[in-house]
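Reminder, nothing fancy here: chain letters follow the sequence lines and each chain counts from 1. Here the structure is a predicted model, which means the values were calculated and not measured.
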Amino acid sequence: MDPVQITKAQPDCAATLKRTMRWSKLFTPTLRDAPNDAVAPSHRLLIRGGFIRQLHAGHYSMLPLGWKVHQKVAQIVREEIEAIGGQEFLLPTMHPAEIWQKSGRWDTMGEIMFRLDDRRGNANALGITHEEIFTTVAAELSSYKQLPQIWYHIQTKFRDEARPKSGLLRVREFHMKDSYSFDVDEAGLDASFDLHDAAYRRIFARLEIPSFGVQASSGAMGGNDSVEFMTPSDAGEDDVIRCPQCDYSANIEKGTSAITPVVDEAGPETPERFDTPGVRTIKALEEFPGGAAADRQLKTLVMMMDGLLTLVLVRGDHQLNTQKLADVTGAIEIRPAEVKETFAAMGAHPGSLGAVAVTDHPIIVDEALRGRTNMTTGANTDDVHYRGVSVERDINASQWADLREVQAGEACVNCGAPLEIVRCIEIGHIFKLGTKYAEVFGARVSTPEGGETPIVMGSYGIGIGRNMAAVVEAHHDDKGIIWPVSVAPFEAVITLMRLDKETIAAGEKLYAELKAAGVDVLLDDRDARAGVKFADAELIGIPYRLTLGPRGLAEGNAEFTVRSSSETTNVDLASAAATVWEAVSAAR
RNA sequence: CGGGGUGUGGCUCAGUCCGGUAGAGCGCUGCGUUCGGGUCGCAGAGGUCCCCGGUUCGAAUCCGGGCACCCCGACCA
């Protein structure tokens, strides 16, 4: 028997060709038409290009090309988190109810969390995020000397979204990178937070997603100093307030604006009742003789806050933002009261409601109503209103808060410029958790002074699939996707116009050269018409194409085409691989 | 969860109002043709018409119930 030979691997042309990625063997079911129910560009193109297929609402299969892109996106995220000291973990996706009960989120998460019982009848949850799990592990940290730590994982998260939509943009099962920072104090947390902020900006730059950070509500996740990264897109689901002049930007759930003060007359000593037959809306009351302009009316909203009927007051021409209401009250379940609940509590129907002299329900009043006098509002009798209402004198406010939703054109609180409201996709979220989880799970470290302190934590998330979709939203045209080289399913494609011996040989030679140079390349050897091959290459968005046909080959040329610009040039066969390599490496 | 819409071959859709044994285009298979931008011709395969029940001689079509998916809103990192 021959002795085992251990030899250093040598480039082997024959082996390379055996491993050649041939389009004829590639499973990429491209479609000429997108399914009619796909609306968002990324959704349509990822389906048409054969990247993804839906299994059911909010659950997608990643086909080979889709998974390849997904992994490239994840790898960029991984590299940038490693670069700030992140250490990668693999954690359970199914968690015992107990751990969520311990943090209190078993109840507060509500229906967004998938829950299931095991054979013993024990309750479990599918992880929607991993604060609880990481903090449990972090309980083994014992000394300030071990800090700071940044821990992360890239894994499946489950969220039982009420309405999955827009392909990969909002799904129920998805991969997310979440990292958690562990510091001994607030200053350390600030530093870890800033590291993530910078890492996230590098990630979006490498993905070529235009992005900016906005002040945000941290919602059910808990915490403060919350920054969301946004990319403008009609396919998004967040409205963002942006100042075109200074750097102010905030999620509409959080942001505010300066509004022109309304000058009120003092009004009467006490509110005056007056009949308003048939008046049911702000607009109708504006037009009613003896009524008032919308900005001189009080809008009284009846909300059920965790089952407690509550009055919420905003100016007549303002909108309530329910997330702001949730944030200031801590309520979990908020819904408008039903008409019959409202009538039972108030004695009147919507359209004639008001808070004057109401004492048996909590009343939360928007800050914009501070100091307002001589206002008009419903009198809790159908077809009757009050005028001459002074908010602070006549209404028993239990809480004042910023509840108003900013409208486009209102003035920036920093510089006074008119604000814009931009539809955006949320592509990342970083926020400071503080010591909440550390205290619950006993993650404490000894301090230099010899005492003990709970670890101060931060939490940082990026949805991989959503970012993949966001790249497509930012980079496509009417022919298909235009992937940035950094995440393209292939960096280059060699398109054979004919399948004769000479063309195939030239294609395989180029393939081997590019492969040897480290270029991720695909050989289109399908027996199809030129139009089909070009259209498919453009649809799936390969950044660079080398076209080999009899026309150019006769003169020793290939054609080099750039997907993003459609620019085509002739290159000498001998230098074709180098041309591609240079373009790819410059763009990586 | 509220409102709207849709379920017919792999994809896009017609047929449903007015019940009569299921169609087109694209795609797919074979043969021929063509060969640098989704050729052309011939032949062919492929459908529990979302499911269950009812009415009827007969249901894709009418009636009842259910399910799924999409869009808008609510909600949601």
Visitor: Would you check if A:Cys424 and A:Asp239 make a side-chain contact, meaning some heavy-atom pair closer than 4.5 Å?
Guide: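 No. Closest side-chain heavy atoms not under 4.5 Å.
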Visitor: Taking side chain to side chain contact (heavy atoms under 4.5 Å, CB included) as the test, write out the residues that go with A:Arg335, two or more places apart.
Guide: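 For A:Arg335 the side chain to side chain contact (heavy atoms under 4.5 Å, CB included) partners, ignoring immediate neighbours, are A:Met304, A:Glu333, A:Glu338, A:Glu341.
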Visitor: Using the P atom in both, what is the distance from B:G58 to B:G54, to the nearest Å?
Guide: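 To the nearest whole Å, 12 Å.
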Visitor: Does the side chain of A:Gln54 come within less than 4.5 Å of A:His59's, by heavy atoms?
Guide: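 A side-chain contact under 4.5 Å is absent here.
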Visitor: Judged by each residue's nearest nucleotide on RNA chain B, which is more toward the 5′ side, A:Pro164 or A:Leu31?
Guide: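 Final value for this comparison: A:Leu31.
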Visitor: Verify the contact: side-chain N or O of A:Arg163 to OP1 or OP2 of B:C72, cut-off strictly under 4.0 Å; return yes or no.
Guide: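 For B:C72, OP1 or OP2 has a side-chain N or O of A:Arg163 closer than 4.0 Å.
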Visitor: Which letter, B, S or -, goes with each nucleotide of nucleotides 24-37 of chain B from 5' to 3', with contact meaning a protein heavy atom under 4.0 Å?
Guide: --SS------BSBB
Visitor: For A:Asp536, which contact category applies under a 4.0 Å heavy-atom criterion: base, sugar-phosphate, or nothing?
Guide: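 Touches a base.
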Visitor: For atom CD of A:Glu111, is the number of surrounding heavy atoms from other residues, nucleotides or ligands below 6.0 Å larger than 12?
Guide: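 No.
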Visitor: Going by the angle between their ring planes, with limits at 30° and 60°, are A:Tyr200 and A:His196 parallel, tilted or perpendicular?
Guide: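 Ring orientation of A:Tyr200 relative to A:His196: perpendicular.
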Visitor: Please give the distance between the P atoms of B:G64 and B:C69 as a whole number of Å.
Guide: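 After rounding to an integer number of Å, I get 24 Å for this pair.
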Visitor: Using heavy atoms and a sub-4.0 Å distance, could you list which residues of residues 39-52 of chain A are near RNA chain B? By number, please.
Guide: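 Within this stretch, A:Val39, A:Arg48 sit under 4.0 Å of the strand.
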Visitor: Is the phosphate of B:C69 approached by A:Gln54 (side-chain N or O, under 4.0 Å from OP1 or OP2)?
Guide: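 No, no such contact exists.
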Visitor: Using the P atoms only, state how far B:U6 lies from B:A74, rounded to an integer number of Å.
Guide: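 The same atom, P, in both gives a distance of 24 Å.
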